[in-house]
Amino acid sequence: MEFISTRGFSDSVEFTQAVAQGLAPDGGLYLPKSFPDLSPNLKEWEGLAYDELCFEFFKLFATDMNPSILKDCVHKAYSGFSVSEVAPIVSLSNQWKVLELFHGPTLAFKDFALQLLGNLYEAQIEREGKPLTILGATSGDTGAAAISGLVGKKGVEVFILYPNEKVSPLQERQMTCTGASNVYPIAIDGTFDDAQRTVKEIFADLSFREEVGLSAVNSINLARILAQSVYYLFAWLRLKPKCRTKTTFVVPTGNFGNVFAGWLLTKMGIEISEFRVATNQNDVLHQLFKTGEYSLSSVRPSLAPSMDIQVASNFERLLYFILGKDSSRVQEVMTSFRKEGRYCFEKFVSSGFSSCSSSDLEIPELIKQIWDEFDYIVDPHTACAFKDLDPKQASMVLATAHPAKFPSVYEQAMMKVPKADELEALLGVEPRNYQVEVDPDSIRSFIKATLLKTS
Ligand SMILES: *Cc1c(COP(=O)(O)O)cnc(C)c1O
């Protein structure tokens with residue numbers, strides 16, 4: 001299977017190369033050139049366990065990988081989840097279901113992709129004998145999940161930038177208390193967008209990329225998107241056939257990676273009527289779906305910090321389809337957007353998407369409401385999904401994190417603070433992080449100096 005860049009100036013590549021590179025050399029994002037039709041497989045896939053389904057799905061894309069190695073990567077990725085279903089579904093009412101995506105090692109949905117990605121990297125290093133340097137920016141959960149997926153992997157050094165004092169203390173501990181010698185969490189003075197911009201600039205430096213074997217774990221990596229498509233398919237297959245096409249998937253959204261992964265299935269013969277994009281007070285995407293205008297302002301830190309994002313990287317992938325797969329138009333829109341900080345889509349075809357946003361006042365209220373009504377505790381990101389959710393609409397809400405990751409919000413909601421053993425265990429470990437200026441030169445020098453020391 002071939003993968004092409006949204007910007008159209010890079011050669012198409014095979015799966016392993018798209019995974020190793022993360023971002024395409026022309027600055028675009030990789031997408032499959034054509035999509036397999038899944039419909040003939042669905043009957044057979046209905047009863048599969050999570051990792052089996054994931055393997056069958058990936059086999060269609062990772063055509064340049066040895067299937068038994070792929071199978072092993074997939075199996076290992078999900079064997080560390082704490083429940084055997086991997087992604088259990090809880091019914092709140094006749095209409096509302098919750099897909100729990102927080103039973104991985106770092107208690108957020110990002111484990112689904114990053115546990116697998118870590119194994120794919122390892123397989124690649126074994127095959128090619130070349131070490132990899134992983135660089136990413138995080139608003140909290142990506143960093144923790146990336147680090148967990150890559151801890152102790154041979155031939156991999158991991159550098160993760162995060163905004164100092166803007167991730168939750170527990171998220172920070174998940175990154176800084178691993179004790180692993182191949183992991184470098186870097187606290188920067190600035191926002192997530194500052195961190196992400198710096199990472200993107202470093203990725204644009206092709207000679208540096210080549211020199212250190214740089215790869216991305218941010219949600220721009222295609223393997224992450226595909227790994228996330230699997231749980232939508234898994235949940236969809238568990239719905240009664242007559243409910244499948246009527247169920248809305250409700251997705252707490254920041255970088256647009258998660259919801260895009262679900263939407264991608266609609267290109268593969270899976271009928272899903274609607275995706276509801278739920279944002280926090282950083283509601284750029286909500287405004288876009290409402291008005292057609294994509295307009296940046298500054299990030300306002302919120303109670304759902306993993307969605308404190310203005311520039312949603314993965315939106316470019318949707319844009320590619322909206323603009324009729326015309327790469328030069330994508331290039332044009334992205335350039336104009338970068339210059340002006342806004343872009344107005346005259347005819348924004350929002351087909352298949354709806355949206356909502358929740359303020360910081362509403363988040364604790366929503367948490368309390370769900371608890372009172374259903375005896376169910378949601379984390380502050382998942383809470384956003386319930387804003388104005390129609391009780392008569394069949395909905396599958398994606399629960400993106402375990403409530404125990406964000407304890408302070410429950411005090412505001414006047415509820416008991418949820419706990420998780422995995423997090424309690426971190427409290428006894430000494431944290432270690434690094435401080436580096438958030439500019440490309442400083443980060444590059446830090447990476448080079450570190451690699452020299454470890455080689
Ligand atoms: C990352 C994250 C999100 C946002 O997901 P995107 O793929 O960036 O849209 C939502 N909730 C939680 C808990 C997260 O960690």
Side-chain angles (χ1 to χ4, degrees), residues 29 98-114 117 136-149 160 162-163 166-168 170-172 174-175 192-193 195-196 216-229 231-232 249-264 275-286 288-289 299 302-318 353 355-358 363 367 378-386 397-406 409 420:
L29 306 181
V98 176
L99 178 63
E100 291 187 342
L101 300 175
F102 52 72
H103 297 287
T106 71
L107 311 184
F109 80 90
K110 294 189 173 77
D111 288 326
F112 277 81
L114 287 163
L117 192 61
T138 185
S139 53
D141 287 337
T142 300
I147 286 170
S148 164
I160 300 288
Y162 68 94
K166 293 192 186 79
V167 303
S168 92
L170 281 169
Q171 286 178 321
E172 184 170 25
Q174 287 184 311
M175 293 190 275
F192 168 71
D193 284 328
Q196 178 156 270
V217 288
N218 280 103
S219 54
I220 50 179
N221 196 304
L222 180 84
R224 281 191 60 185
I225 300 289
L226 294 175
Q228 293 175 176
S229 300
Y231 50 71
Y232 287 89
F249 281 80
V250 193
V251 189
T253 295
N255 242 326
F256 206 71
N258 195 1
V259 68
F260 180 78
W263 181 82
L264 214 49
F275 292 90
R276 189 170 167 83
V277 171
T279 72
N280 62 23
Q281 61 189 6
N282 296 291
D283 63 349
V284 180
L285 289 168
H286 174 53
L288 168 74
F289 288 113
V299 175
S302 81
L303 291 172
S306 299
M307 309 192 320
D308 287 349
I309 283 163
Q310 291 285 326
V311 187
S313 319
N314 272 292
F315 182 64
E316 177 168 342
R317 285 193 161 107
L318 180 67
F353 289 98
S355 65
C356 62
S357 86
S358 304
I363 288 174
I367 291 175
V378 290
D379 91 287
H381 304 79
T382 308
C384 297
F386 289 91
V397 169
L398 274 61
T400 51
H402 192 292
K405 283 190 96 164
F406 305 95
V409 73

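Indexing begins at 1, ligand by ligand and atom by atom, following the structure's order.
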Exercise. Can you sort out which atoms of ligand 1 are near Gly257, meaning under 4.0 Å from one of its heavy atoms?
Key: 6 (P), 7 (O), 9 (O)

Quiz item: Would you find a donor on one side and an acceptor on the other, under 3.5 Å apart, between the side chain of Asn282 and the backbone of Val299?
Solution: no

Quiz item: Do any nitrogen or oxygen atoms of Asp379 lie less than 3.5 angstrom from nitrogen or oxygen atoms of ligand 1?
Solution: no

Quiz item: Considering only heavy atoms, which of Pro380, Ala401, Gly254, Ala385 lies nearest to atom 9 (O) of ligand 1?
Solution: Gly254

Quiz item: Do the side-chain N and O atoms of Ser313 and Asn255 include a donor-acceptor pair separated by under 3.5 angstrom?
Solution: yes

Quiz item: Is a side-chain donor or acceptor of Gln171 paired with a backbone partner of Lys405 at a separation under 3.5 angstrom?
Solution: no

Self-check item: Distance-only N or O hit between ligand 1 and His381, under 3.5 Å
Solution: no

Exercise. Keeping the roles fixed (side chain from Thr253, backbone from Val277), state whether a donor-acceptor pair exists under 3.5 Å.
Key: no

Practice problem: Enumerate the atoms of ligand 1 whose separation from the nearest heavy atom of Thr253 is less than 4.0 angstrom. | Solution: 9 (O)

Exercise. Return the orientation label for the His402 and Phe102 ring planes: parallel under 30°, perpendicular over 60°, tilted otherwise.
Key: perpendicular

Exercise. Could you say whether the N/O atoms of Thr142 and ligand 1 ever approach to under 3.5 Å?
Key: no

Quiz item: With respect to Val397, which candidate in Val378, Leu99, Thr382, Val251 satisfies the side-chain contact (heavy atoms from CB on, under 4.5 Å) definition?
Solution: Thr382

Self-check item: Polar atom proximity, Asp141 to ligand 1 (N or O, under 3.5 Å)
Solution: yes

Exercise. Work out whether the distance between some heavy atom of Phe102 and some atom of ligand 1 is less than 4.0 Å.
Key: no

Quiz prompt | Region of Phe256 engaging ligand 1 - heavy atom pairs below 4.0 Å | solution = backbone

Quiz item: Looking only at N/O atoms, are Ile309 and ligand 1 under 3.5 Å apart anywhere?
Solution: no

Quiz prompt | Distance filter under 4.0 Å to Lys110 heavy atoms, resulting ligand 1 atoms | solution = 1 (C), 2 (C), 3 (C), 14 (C), 15 (O)

Practice problem: Could you tell me how the ring of Phe353 sits relative to the ring of Phe256: parallel (under 30°), tilted (30 to 60°) or perpendicular (over 60°)? | Solution: tilted

Quiz item: Against heavy atoms of Thr400, which atoms of ligand 1 measure under 4.0 Å?
Solution: 10 (C), 11 (N), 12 (C), 13 (C)

Practice problem: Examine the side chains of Asn314 and Arg317 and answer whether a donor and an acceptor come within less than 3.5 Å of each other. | Solution: yes

Quiz item: Hey, looking at atom 10 (C) of ligand 1, which of Gln171, Arg224, Met307 has the closest heavy atom?
Solution: Met307

Exercise. Ignoring hydrogens and angles, tell me if any N or O in the side chain of Asn280 forms a donor-acceptor pair with the backbone of Ala304 under 3.5 Å.
Key: yes

Self-check item: Min N/O separation Gln228 to ligand 1 under 3.5 Å
Solution: no

